[in-house]
A.B. asks: 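What follows is a single structure, and I will ask about it in a moment.
We name chains A, B, ... by the order of the sequence lines, and we start the count at 1 in each one.
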2 protein chains.
Amino acid sequence: MSTIGFHSHNHDQCIADTLSTADAHCAEEGLQFTPVRRRVLEILLAEHKAMGAYDILPTLADEGLGSQPPVVYRALDFLVKNGLAHRIELLNAYIACAHLGRAHRPAFLICRECKLVAEADAELARGRLGEAAREAGFTIERMVVELEGLCPACAA
Amino acid sequence: MSTIGFHSHNHDQCIADTLSTADAHCAEEGLQFTPVRRRVLEILLAEHKAMGAYDILPTLADEGLGSQPPVVYRALDFLVKNGLAHRIELLNAYIACAHLGRAHRPAFLICRECKLVAEADAELARGRLGEAAREAGFTIERMVVELEGLCPACAA
DNA sequence: AGAGAGTCCGTTATAACATATCAATCCCGG
DNA sequence: CCGGGATTGATATGTTATAACGGACTCTCT
């Protein structure tokens, strides 16, 4: 699984692919991919950047799709719960999933300069940390792995 | 480096040791370990639980040590910057460092039931994730690794 | 001693992020 | 057509964090 986000790519295609994968996924799972939810995912997809709920809200409001915080938060909860987006704890922000459809344990590389976020895969549970958790008798239910630093462009 | 937090231990001793290590550390580094800062660390040490800034504030206020948010946040910033405490992003909360004095890359095991937090060591940079970051040309400056789950007591 | 720099603290106000609650609507199966 | 479940709309509020400014203290240099 490769790291997405810092490389240039055909972004229109990237958006279109992800949306149609999302459509298919929701149809399969019997999930209601409503206009609000779909539009929030589109907005997130517009850039590989994390966006706060209050960054998304005005766009949504302009389009008459709900202008109060709960609307966005509910949509984001839906997307996160169903693996279509991720929450970045370090930024209190949200980003579209870059590995839609594939099971993964996401880790995030966050550029502190340009705010771009790349999604990588963290095979933590097998490492030394997984051992530490087992030794402590700790049952892992959710992992948050976020690395802050500089992307190649900003480091140069 | 062992995982601390889920095992019972002599807690008064644990607090006293940590405070005196902190005193020594600040003296060495020429840091001003002021009453507010010291008291905030003490409050954090009282439990191996993460506390929000607004949990700490009333105690501080009762003692006449500052009753407004910035006072606590400044003290917490000091403690975090100097490695005496850590911020838990998943909880928007803070916890005293359990491995004071030893260099470490902390990872946290957070019990969703009893809110106890244990500190372990994450040797991430050498694993598959470190490779992914290198491949992406990403320079890691800060790591956040937090695992949510159940501690042994709550799992039983 | 006095001037100036640096650090910390107290205070007010406000920004940024998130959720509780309840009513209204929509949609689908029975 | 009706009832139940999910979604949305709207109001209000809760929680976490920071901006901005002034005063107090200490240290150093002259």
A.B. asks: Atom CG of Leu147(B) and atom CG of Leu129(A): how far apart are they, to the nearest 0.5 Å?
C.D. replies: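 It comes to 5.0 Å.
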A.B. asks: If we only count heavy atoms from C-beta on, is the Cys97(B) to Glu119(B) side-chain gap below 4.5 Å?
C.D. replies: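 Heavy-atom side-chain distance check passes, below 4.5 Å.
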A.B. asks: What's the CG-C1' distance between Asp77(B) and dC8(C), to the nearest Å?
C.D. replies: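 My rounded result for the distance is 13 Å.
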A.B. asks: Grab the CZ-C1' distance between Arg74(B) and dT12(C) for me, whole Å please.
C.D. replies: 12 Å
A.B. asks: dT19(C), OP1 or OP2 - any side-chain N/O from Tyr73(A) closer than 4.0 Å?
C.D. replies: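 The answer is no; no side-chain N or O of Tyr73(A) sits under 4.0 Å from OP1 or OP2.
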A.B. asks: Mind checking whether Leu19(A) and Arg38(A) have side chains closer than 4.5 Å, heavy atoms only?
C.D. replies: yes
A.B. asks: Answer whether the closest heavy-atom distance between the side chains of Glu89(A) and Val144(B) falls below 4.5 Å.
C.D. replies: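 Not in contact.
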A.B. asks: Give a yes or no on whether the backbone of Pro106(A) and the side-chain of Asp121(A) come within a donor-acceptor separation of less than 3.5 Å.
C.D. replies: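 Pair absent, no side-chain N/O of Asp121(A) close to backbone of Pro106(A).
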A.B. asks: Taking CD from Gln32(B) and P from dA24(D), how many angstroms apart are they, rounded to a whole number?
C.D. replies: 18 Å
A.B. asks: Please work out which residues in residues 49-69 of chain B have a non-hydrogen atom less than 4.0 Å from an atom of DNA chain D and list them by number.
C.D. replies: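 Here the set is Tyr54(B), Pro69(B).
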A.B. asks: Between atom CG in Asn82(B) and atom C1' in dC8(C), what is the gap in whole Å?
C.D. replies: 14 Å
A.B. asks: Are the ring centres of His86(B) and Tyr94(B) closer than 6.0 Å?
C.D. replies: no
A.B. asks: Please tell me if the side chains of Val36(B) and Phe78(B) come closer than 4.5 Å, counting only heavy atoms from C-beta onward.
C.D. replies: no
A.B. asks: Separation of Phe33(A) atom CZ from dT8(D) atom P, in whole Å?
C.D. replies: 11 Å
A.B. asks: Could you identify which residues of residues 85-97 of chain B place a heavy atom less than 4.0 Å from some atom of DNA chain D, listed by residue number, or say none?
C.D. replies: Arg87(B), Asn92(B), Tyr94(B)
A.B. asks: In whole angstrom, what separates Arg37(B)'s CZ from dC8(C)'s C1'?
C.D. replies: 7 Å
A.B. asks: Could you check Pro70(A) against Ala75(A) and say which one's nearest nucleotide on DNA chain D is further toward the 5' end?
C.D. replies: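 Closer to the 5' end of DNA chain D: Ala75(A).
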A.B. asks: Can you give each donor-acceptor pair under 3.5 Å made by side-chain atoms of residues 56-75 of chain A, sequence neighbours left out, with the distance rounded to 0.1 Å?
C.D. replies:
unit_1   : atom_1 : unit_2   : atom_2 : d
Glu63(A) : OE1    : Arg39(A) : NE     : 2.7
Glu63(A) : OE2    : Arg39(A) : NE     : 3.2
Glu63(A) : OE2    : Arg39(A) : NH2    : 2.8

A.B. asks: When you measure from the side chain of Arg37(B) to the backbone of Gln32(B), do you find a donor-acceptor pair of N or O atoms at a distance under 3.5 Å?
C.D. replies: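 Side chain of Arg37(B) to backbone of Gln32(B), a donor-acceptor pair under 3.5 Å: yes, one is there.
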